[in-house]
Amino acid sequence: MRADGPLRVVLAEDSVLLREGLVGLLDRGGHEVVAAVGDAVALVEAVEEHAPDIVVTDVRMPPGFQDEGLHAAVRLRERRPGLPVLVLSQYVQRTYAAELLDSGDGTAVGYLLKDRVGQVVEFLDALGEVAAGGTVVDPEVVRQLLRRRRDPLQRLTPREREVLALIAEGRSNGSIARELVVSEAAVGKHIGSILGKLDLPQTDETHRRVLAVLAFLRA
């Protein structure tokens with residue numbers, strides 16, 4: 001699922017050069033940047049003023065250049081449940097991704113490395129996916145996490161871990177099937193097995209997939 005129409009975006013990025021580049025990229029993608037700001041305080045104010053369709057924010061911003069942007073995004077999602085947020089980070093930080101995904105019910109969030117912005121189609125696809133309520137985690141984050149798997153994922157087969165990693169990247173069943181060269185029915189069986197082995201609560205499949213991604217990030 002992804003939002004294919006124009007989106008009203010609030011953008012927060014302290015680097016003027018990157019901020020202007022993102023404004024241009026989003027504009028060429030058919031979206032409207034209703035506010036482009038350089039710190040976390042201005043981000044919160046802009047969201048209150050413009051009520052955007054989605055927020056795109058850097059993790060580290062003034063004044064401390066720690067995780068002000070991330071914390072602002074989490075606070076905004078507490079005030080506005082379901083607000084789509086796409087966070088950009090210079091480096092892989094598992095704790096940042098997990099904190100973001102823990103906000104709300106874990107839907108309508110994305111965590112991408114800034115290098116991904118240069119891959120325009122992937123970036124715009126992720127933006128649409130998050131705006132439509134999906135969950136997107138940068139493939140590099142997924143790869144690094146796979147190198148240090150611990151319980152509860154040890155119960156999964158190697159193929160099931162592959163499928164879960166692709167779910168964490170925001171892939172659909174059809175996309176996973178094409179990547180692994182198997183049928184969608186086979187992917188569905190793998191997902192059913194993953195959800196069962198992780199002892200996730202019986203809710204709708206979309207929410208259970210998000211819970212599976214959270215288990216993946218926390219493991």
Side-chain angles (χ1 to χ4, degrees), residues 2-3 7 9-26 28-29 31 33 36-40 43 54-62 64-74 76-77 83-103 106-132 134-149 161-162 164-172 175-176 179 210 212-219:
R2 72 183 276 271
L7 298 169
V9 182
V10 164
L11 170 66
E13 167 58 55
D14 66 285
S15 166
V16 175
L17 185 61
L18 180 54
R19 185 165 70 238
E20 291 305 311
L22 282 166
V23 169
L25 188 157
L26 291 164
R28 290 194 299 275
H31 305 298
V33 178
V37 300
D39 62 70
L43 166 59
I54 187 168
V55 169
V56 178
T57 180
D58 188 8
V59 169
R60 298 183 177 185
M61 287 195 294
F65 293 97
Q66 297 297 317
D67 50 9
E68 289 87 349
L70 175 74
H71 284 166
V74 171
L76 285 167
R77 280 173 58 82
L83 174 68
V85 171
L86 179 59
V87 167
L88 305 177
S89 179
Q90 188 69 43
Y91 308 104
V92 174
Q93 289 283 353
R94 184 177 65 163
T95 54
Y96 289 164
E99 183 173 353
L100 180 67
L101 286 163
D102 274 334
S103 65
T107 60
V109 292
Y111 179 89
L112 292 182
L113 297 182
K114 288 186 176 180
D115 288 347
R116 199 68 52 193
V117 174
Q119 300 175 28
V120 176
V121 173
E122 288 187 27
F123 173 71
L124 292 176
D125 281 348
L127 185 82
E129 179 79 19
V130 171
T135 304
V136 177
V137 181
D138 195 283
E140 183 57 31
V141 177
V142 173
R143 280 192 288 272
Q144 291 204 20
L145 294 177
L146 278 172
R147 298 192 191 114
R148 50 178 187 267
R149 294 296 82 205
R161 286 196 292 271
E162 282 185 276
L164 181 54
L166 292 169
I167 291 173
E169 291 179 17
R171 302 287 195 94
S172 67
S175 174
I176 293 171
E179 176 76 18
V210 172
V213 172
L214 286 170
F216 180 85
L217 286 167
R218 293 186 184 116

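It should be emphasised that the depicted structure is a prediction, and the values quoted were computed from it without experimental measurement. Just the heavy atoms: all of them, side chains too, but no hydrogens, waters or symmetry mates, feed the values below.
Taking all atoms of both residues into account, the shortest heavy-atom contact from Y111 to L86 is N-CD1, 4.2 Å. Nearest heavy-atom pair, A40 versus G69, reported as atom, atom and distance to 0.1 Å: CB-N, 4.4 Å. Minimum heavy-atom separation, V23 to A36: CG2-CB, 4.0 Å. The two residues S89 and V59 make their nearest non-hydrogen contact at CB-CG2, 3.9 Å. The two atoms that bring A126 and L112 nearest to each other are CB-CD1, 3.8 Å, heavy atoms only.
Screening L83, T135, V74 for a side-chain contact (heavy atoms from CB on, under 4.5 Å) involving V109 leaves a single residue, T135.
Taking the salt bridge (Lys or Arg N to Asp or Glu O under 4.0 Å) definition, one finds that E179 meets it with R171, sequence neighbours left out. Every residue two or more places apart in sequence or in another chain that forms a side chain to side chain donor-acceptor pair (under 3.5 Å) with Q119 is listed here: R116. Scanning for side chain to side chain donor-acceptor pair (under 3.5 Å) contacts around R19 gives an empty result, with sequence neighbours left out. Not counting sequence neighbours, the partners of T57 by the side chain to side chain contact (heavy atoms under 4.5 Å, CB included) test are A12, L43, V55, M61, A73, V85, V87. The side chain to side chain contact (heavy atoms under 4.5 Å, CB included) check on D39 picks up V41, A42, P62, with sequence neighbours excluded. Considering only residues two or more places apart in sequence or on other chains, A108 meets the side chain to side chain contact (heavy atoms under 4.5 Å, CB included) condition with R77, P84.
Residue H31 holds its NE2 atom at 12.5 Å from CG of L11, rounded to the nearest 0.5 Å. Atom CG of L164 is separated from atom CD of E162 by 11.0 Å, given to the nearest 0.5 angstrom. In this structure, Q90 CD and D58 CG are separated by 8.0 Å, a value rounded to the nearest 0.5 Å.
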Please lay out, stage by stage, how L22 and L88 fare under the test side-chain contact (heavy atoms from CB on, under 4.5 Å). CA-CA 11 Å; L22 282 166; L88 305 177; 4.0 Å; yes

Could you go step by step and tell me if L127 and L26 meet the side-chain contact (heavy atoms from CB on, under 4.5 Å) rule? CA-CA 10 Å; L127 185 82; L26 291 164; 3.7 Å; yes

